[in-house]
There are 2 protein chains.
Amino acid sequence: MSPLPRDAAAFTDLILEVFQLNGLLLQAGDRLSAPAGLTSARWQVLGVIDHGPATVAAVARTMGLARQSVQQTADALASDGFVTYVENPHHQRAKLLSLTAAGRRALRKVEAAHAAWANRLGASLAPGLLSAAVEGVREARLRLEKDLTPEDGAHET
Amino acid sequence: MSPLPRDAAAFTDLILEVFQLNGLLLQAGDRLSAPAGLTSARWQVLGVIDHGPATVAAVARTMGLARQSVQQTADALASDGFVTYVENPHHQRAKLLSLTAAGRRALRKVEAAHAAWANRLGASLAPGLLSAAVEGVREARLRLEKDLTPEDGAHET
DNA sequence: CAAGGATTGACAGGTTCCTGTCGAATTGAC
DNA sequence: GTCAATTCGACAGGAACCTGTCAATCCTTG
């Protein structure tokens, strides 16, 4: 009822758009990765360890997710043979997630599909519009990150 | 590795930004609604039935979610007393979700917090940047929606 | 080198979304 | 008016995220 100021209204619009786009992107990601036997979440994990093995916690930090979420995905990937846990010279308990041949093969397949798709979608949007969107969303994200950090609590993030 | 064309790269950047912003927005929404005893998902459902009672299926359509997801949230809201199921003159089995006094009170509280928050965040961003972001994200969403619709399957969406 | 703090993997449990299926109620075609 | 298609709520099960907690393993400090 109480009319929001223009800025606030625009910000709220952005929220709604982002929610919807996020849902569609997940759907698209699942569709892209399904033929390789993957899902969005699993594909993303594979992508992180593509440039080198890493611990579950390190992958989680890279992805901005909770350690435990990535653990679940990683275990699933391992039991499907896309990934193996290899010894970590720097840590006895924290083994390294490493791509198997099958994992690398699946990843390459998804990446090819992704490239074609991103190309098609990216080309269908005015370049200026696209880069403005990226910049605006990034700016909003940065503000929000600051806004959400009251003070870095001691333990776990 | 294989370098994506510029458009595709920008599109991929947008995806990453949207994923991150989405996560932060959910976090912010939960923080805004927690003092009222709600969460993002529950708040959104209350918002839909604020302008009048509706069936679970109708709410789901409005929100763009599966019927079953909203059912779960609605049941939780009902057992917490924010909502009740009232008789539906047009349908014997499909009762209407309706706000209770407590539900309306909680919703108003969250809306007030949301307004203050959106105002603060919205004002901290250059207006041009913000509207460009909204426009760009909307455009991307529309393309993606088209891209994802192969043909409207018969039953359930 | 010994103690304290931080990080890690494991496990438990919860939320919010999904798909799939079922029987009941409504609606539409004939 | 009857019969088929659709819509609805209920229930089962699963995916992907979360928080909280524990013991084991670092790592830093003194």
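Proteins get letters first, then strands, A, B, ... in listed order; numbering begins at 1 in each. Computed from heavy atoms alone, side chains included, the values below leave out hydrogens, waters and symmetry copies.
Dense packing is recorded around CD of Gln71(B), with more than 12 heavy atoms of other residues, nucleotides or ligands lying under 6.0 Å away.
You'll find that the side chain of Ala94(B) is closest to dG9(D), out of dG9(D), dT8(C), dG20(D). The Arg93(A) side chain lies nearest to dA23(D) when the options are dC17(C), dA23(D), dA24(C). For Arg67(B), the side-chain atoms get nearest to dG9(D) when compared with the rest of dT16(C), dG9(D), dT21(D). Counting only heavy atoms from C-beta on, Gln92(B) has its side chain closest to dT26(C) among dT26(C), dC18(D), dT7(C).
Using a 4.0 Å heavy-atom cutoff across all strands shown, Ser40(B) reaches no nucleic acid atom at all.
Within the 4.0 Å cut-off from OP1 or OP2 of dT8(C), at least one side-chain nitrogen or oxygen of Arg61(A) is found. For Gln72(B) and dT15(C), the shortest distance from a side-chain N or O to OP1 or OP2 is not below 4.0 Å. Side-chain N/O atoms of Ser69(B) include none lying less than 4.0 angstrom from OP1 or OP2 on dT16(C). Look at Gln68(B) and you won't find any side-chain N or O under 4.0 angstrom from OP1 or OP2 of dG20(C). Distances shorter than 4.0 Å separate none of the side-chain N or O atoms of His91(B) from OP1 or OP2 on dA25(C). A sub-4.0 Å separation between OP1 or OP2 of dT16(C) and a side-chain N or O of Thr39(B) is present.
The nearest whole Å value for the distance from the NZ atom in Lys95(A) to the P atom in dT25(D) is 12 Å. Whole-Å rounding puts the Gln71(B) CD to dC18(C) C1' distance at 15 Å. Atom CD of Glu87(A) is separated from atom P of dC26(D) by 11 Å (rounded to the nearest Å). In this structure, the CZ atom of Arg42(B) is 9 Å from the C1' atom of dT16(C), given to the nearest Å. Put simply, OH on Tyr85(B) is 12 Å from C1' on dC8(D), counting in whole angstrom units. Between the CG atom of Leu97(B) and the C1' atom of dG9(D) there is a distance of 12 Å, rounded to whole Å.
Ranked by how close their nearest DNA chain D nucleotide is to the 5' end, Ala41(A) and His90(A) are led by Ala41(A).
By the 4.0 Å N-to-carboxylate-O rule, Glu111(A) lies close enough to Arg108(A) to be salt-bridged with it.
Judged by distance alone, with hydrogens and angles left aside, the side-chain atoms of Thr100(B) form a donor-acceptor pair with the main-chain N or O of Phe82(B) at under 3.5 Å. Side-chain atoms of Ser40(B) come within 3.5 Å of backbone atoms of Asp30(B) as a donor-acceptor pair (strictly under, hydrogens ignored).
Tested against Phe11(A), the residues Asn119(B), Leu125(B), Val134(B) include a single side-chain contact (heavy atoms from CB on, under 4.5 Å) partner, Leu125(B).
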